[in-house]
Amino acid sequence: MGSGWHYFYPLLSEINGKVEGFFSGKRGLRQGDPLSPYLFVLCMEVLSRLLRKLHAYSGFSYHPKCVRLNLIHLVFADDLLVFTRGDVPSVTAVANCLGVFAGYSGLRANPLKSCLYFGGVNQVVIDDILHTTGFTQGEFPFSDSRRILFKSWDNFCYPRAEGGIDIKEVLTWNKVQLLKWLWKLNNQPQSLWVKCVQAYVLQSADVWLLTPRSNDSWYWSNLIKVRDWFIGRMGTIEDAKLVLQGDTMGIFPRSIIYDLVRDRKCPGRWAAILGDNLCMPKHMIISLLAVQNCLPTIDNLNRRGLVIINRCSLCEADIEDRNHLFFLCPFSARLWHSISCWLKLGTVSCSLSRIITWYKTHNRGQSSWKRACRCALLAAIYALWQERNFRIFNGGRKSVGQLFSEVKFVVYNRLLHIHFKVDEDVNWS
């Protein structure tokens with residue numbers, strides 16, 4: 001340093017986990033440069049210090065819910081949230097602070113990507129703030145779409161062993177996710193949210209004994225309702241507290257809690273077939289919808305008031321319903337005959353209810369052949385449904401031989417993921 005000599009050494013760069021050679025020290029950074037996060041933290045530290053000094057300005061006022069915490073902003077990897085009172089002087093002070101930071105760093109707030117969110121602010125004041133800052137007013141987007149429902153999703157939100165498709169019931173799962181905030185109150189006292197709740201809501205009260213108040217926010221009222229629901233599921237407050245203790249690693253046990261509070265269901269007669277994890281999930285879902293007659297076949301659409309010419313797209317002769325489409329149609333029957341000869345199943349009655357009963361009776365067990373039979377059944381139902389849709393919406397068509405080859409390919413491919421017994425014959429041609 002004292003000699004006045006400057007040495008520049010080439011630096012070995014690593015981008016996205018792979019060595020990409022050397023780059024010389026110069027101005028500017030490439031995407032993925034390992035120095036980028038460190039420089040970002042240094043720059044945001046400057047902005048944080050500028051924002052923390054805003055309280056010294058006479059025109060600035062804290063957000064009403066951030067006064068006790070002296071909270072003005074939160075910085076994330078790709079976002080910045082600033083909290084202030086909804087008046088022109090406070091917002092102007094924040095905008096001036098961002099301008100000072102832009103003069104230091106060259107980083108300016110993009111008006112096209114920045115929004116102001118208001119709560120309980122007069123519209124005249126809102127217009128003045130938007131005019132002063134040049135930002136737009138943000139709104140939380142909500143959309144609703146109407147679709148034809150053939151059966152409630154509650155019938156499918158169970159594990160495979162209970163006749164479901166391994167999808168969590170969304171209302172119960174949402175309640176479990178909300179329980180994480182109660183878990184935080186007991187396990188993460190250093191959390192900013194916990195400090196805020198303790199300072200403004202609980203103060204010295206116990207969250208497990210707190211009664212709802214008329215002026216509680218919508219969010220807090222629902223959290224109390226979820227608390228009461230959880231206590232009812234567990235039996236007592238002590239049991240509820242015990243479940244929310246988590247593990248020694250301090251991780252919220254959401255999956256364990258969901259399994260404790262969810263409803264149980266007796267397995268249907270098709271659960272033994274659909275529950276085989278050798279079968280592909282998309283095959284299992286379409287097959288379960290077919291079993292419960294929930295697919296939008298033409299007869300189902302007609303029953304719901306959609307007048308469509310009822311004609312099977314596979315044979316172009318008979319009407320299309322579930323049993324005809326998948327089993328009674330001559331096209332489908334030829335596919336099942338090819339599969340039956342390939343797997344040496346013998347004669348199987350082509351009716352959905354009877355074939356499910358036949359599979360449950362003759363193909364119990366975990367041998368590779370029996371699992372292949374179950375996999376072929378679901379793969380064939382999926383292939384027929386895809387072919388039906390392809391003919392209706394795309395105008396193309398495949399032969400029975402092509403679908404049979406696709407089913408065989410799926411079965412062989414899935415069998416690669418299991419271990420065969422030493423004495424098991426798996427030589428299928």
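Reckoned from all heavy atoms, side chains included, excluding hydrogens, waters and symmetry mates. This one's a predicted model, so the numbers in the text were calculated from it and none came from an experiment.
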What verdict does the side-chain contact (heavy atoms from CB on, under 4.5 Å) test give for Gln188 and Trp183, after you've listed the backbone C-alpha separation in whole Å, the side-chain angles of each residue and the deciding distance to 0.1 Å? CA-CA 8 Å; Gln188 294 185 350; Trp183 173 83; 3.5 Å; yes
Evaluate the side-chain proximity of Phe331 to Leu403: yes if any heavy-atom separation is below 4.5 Å, no if none is. yes
Are Gln137 and Leu116 side-chain neighbours, meaning at least one heavy-atom pair lies under 4.5 Å? no
So do the side chains of Asp239 and Val243 get within less than 4.5 Å of each other, counting heavy atoms only? no
Does any pair with a residue in residues 382-393 pass salt bridge (charged side-chain N to carboxylate O under 4.0 Å, His left out), and if so which ones, sequence neighbours excluded? Glu320-Arg388, Glu387-Arg391
Closest non-hydrogen contact found for Val197 with Leu185 is CG1-CD2, 4.0 Å
Heavy atoms only: give me the nearest Tyr219-Leu178 pair and the separation to one decimal. CE1-CD2, 4.2 Å
If every non-hydrogen atom of Leu377 is compared with every non-hydrogen atom of Trp336, which pair is closest and at what distance? CD1-CH2, 3.4 Å
Phe40 CZ: over 12 foreign heavy atoms closer than 6.0 Å: yes
Heavy-atom side-chain proximity of Asp299 to Asn310 below 4.5 angstrom: yes
Check whether Ser221 reaches the backbone of Ser217 with its side chain - one donor and one acceptor, N or O, closer than 3.5 Å. yes
Spacing of Leu415 atom CG and Cys375 atom SG [to the nearest 0.5 Å]: 7.0 Å
Smallest separation among heavy atoms of Val125 and Gly86, with atom names: CG1-O, 3.6 Å
My understanding is that only residues two or more places apart in sequence, or in another chain, count here; which of them pass side-chain hydrogen bond (donor to acceptor under 3.5 Å, both in side chains) with Gln190? none
Pi-cation contact, Tyr62 with Arg85 (under 6.0 Å, within 45°): no
Expected output: side-chain Tyr412 to main-chain Val407 donor-acceptor under 3.5 Å: no
Between Arg264 and Arg262 (side chain of the first, backbone of the second, donor and acceptor by atom type, cut-off under 3.5 Å), is there such a pair? yes
Backbone N/O of Ser399 and side chain of Gln402: donor-acceptor pair under 3.5 Å: yes
Do the non-hydrogen side-chain atoms of Ser114 and Phe135 ever get within less than 4.5 Å of each other? yes
Would you say the side-chain atoms of Ser338 pair up with the backbone N or O of Arg334, donor to acceptor, closer than 3.5 Å? yes
CH2 (Trp181) and CG (Asn186) are apart, to the nearest 0.5 Å, by 14.0 Å
Exam field: side chain Asn389 to backbone Trp385, donor-acceptor pair closer than 3.5 Å: yes
Begin with the C-alpha distance, continue with both residues' side-chain angles, and end with the deciding distance and a verdict on side-chain contact (heavy atoms from CB on, under 4.5 Å) for Leu74 and Leu71. CA-CA 8 Å; Leu74 294 174; Leu71 178 65; 4.1 Å; yes
d(Lys180 NZ, Asn187 CG) to nearest 0.5 Å is 11.5 Å
Counting only N and O atoms by type, is there a donor-acceptor contact under 3.5 Å from the side chain of Asn222 to the main-chain atoms of Trp218? yes
Just so I know, are the side chains of Ile72 and Val94 near enough to count as touching, which here means a heavy-atom distance under 4.5 Å? no
Those residues that, when tested against Trp173, pass ring pair (Phe, Tyr, Trp, His ring centres under 6.0 Å) (two or more places apart): Tyr258
Give me the atom names and distance for the closest heavy-atom approach of Leu301 to Pro296. CD1-O, 3.8 Å
Asn394 side chain vs Gly396 backbone, donor-acceptor pair below 3.5 Å: no
Name all residues meeting the salt bridge (Lys or Arg N to Asp or Glu O under 4.0 Å) criterion together with Arg108; count only those two or more places apart in sequence or in a different chain, and write none if there are none. none
Rounded to the nearest 0.5 Å, the CG atom of Leu107 sits from the CG atom of Leu47 at a distance of 9.5 Å
Considering residues, nucleotides and ligands other than Lys184, do more than 12 of their heavy atoms fall under 6.0 Å from its NZ? yes
Thr84 side chain reached by Val91 side chain, heavy atoms, under 4.5 Å: yes
Quick check: do Glu169 and Leu171 have side-chain heavy atoms less than 4.5 Å from each other? yes
Are more than 12 heavy atoms from other residues, nucleotides or ligands located less than 6.0 Å from atom CD1 of Ile256? no
Does atom OH (Tyr38) have a neighbourhood of more than 12 heavy atoms from anything else shown, all under 6.0 Å? no
Does His337 have more than 12 heavy atoms from other residues, nucleotides or ligands lying within 6.0 Å of its NE2? no
Should the ring pair Trp193 and Trp220 be called parallel, tilted or perpendicular, given that the plane angle runs from 0 to 90° and is split at 30 and 60? tilted
Any pair counted as salt bridge (charged side-chain N to carboxylate O under 4.0 Å, His left out), so long as it reaches residues 217-235, sequence neighbours left out: Arg233-Asp263
Aromatic plane relationship, Trp208 with Phe230 - under 30° parallel, 30 to 60° tilted, over 60° perpendicular: tilted
Test: Arg254 and Asp259 ion pair at under 4.0 Å: no
Mind checking the NZ-CD1 spacing from Lys241 to Ile231? Nearest 0.5 Å is all I need. 9.0 Å
Apply side-chain contact (heavy atoms from CB on, under 4.5 Å) to His324 and Cys312, showing your working. CA-CA 8 Å; His324 173 82; Cys312 175; 3.4 Å; yes
Asn300 to Leu295 - nearest heavy-atom pair and separation: ND2-O, 2.8 Å
Would Ser48 and His73 count as a side-chain contact (heavy atoms from CB on, under 4.5 Å) here? Give the steps. CA-CA 8 Å; Ser48 295; His73 68 289; 3.1 Å; yes
With sequence neighbours excluded, what pairs up with Tyr382 under the ring pair (Phe, Tyr, Trp, His ring centres under 6.0 Å) test? His283
Check: Thr297 main-chain N/O paired with Asp321 side-chain donor or acceptor under 3.5 Å: no
Between OG of Ser255 and CG of Leu260, what distance do you get to the nearest 0.5 Å? 11.0 Å
Over-ring placement of Lys175 relative to Trp229, 6.0 Å and 45° cut-offs: yes
Is it the case that more than 12 heavy atoms not belonging to Phe409 sit under 6.0 Å from its CZ atom? no
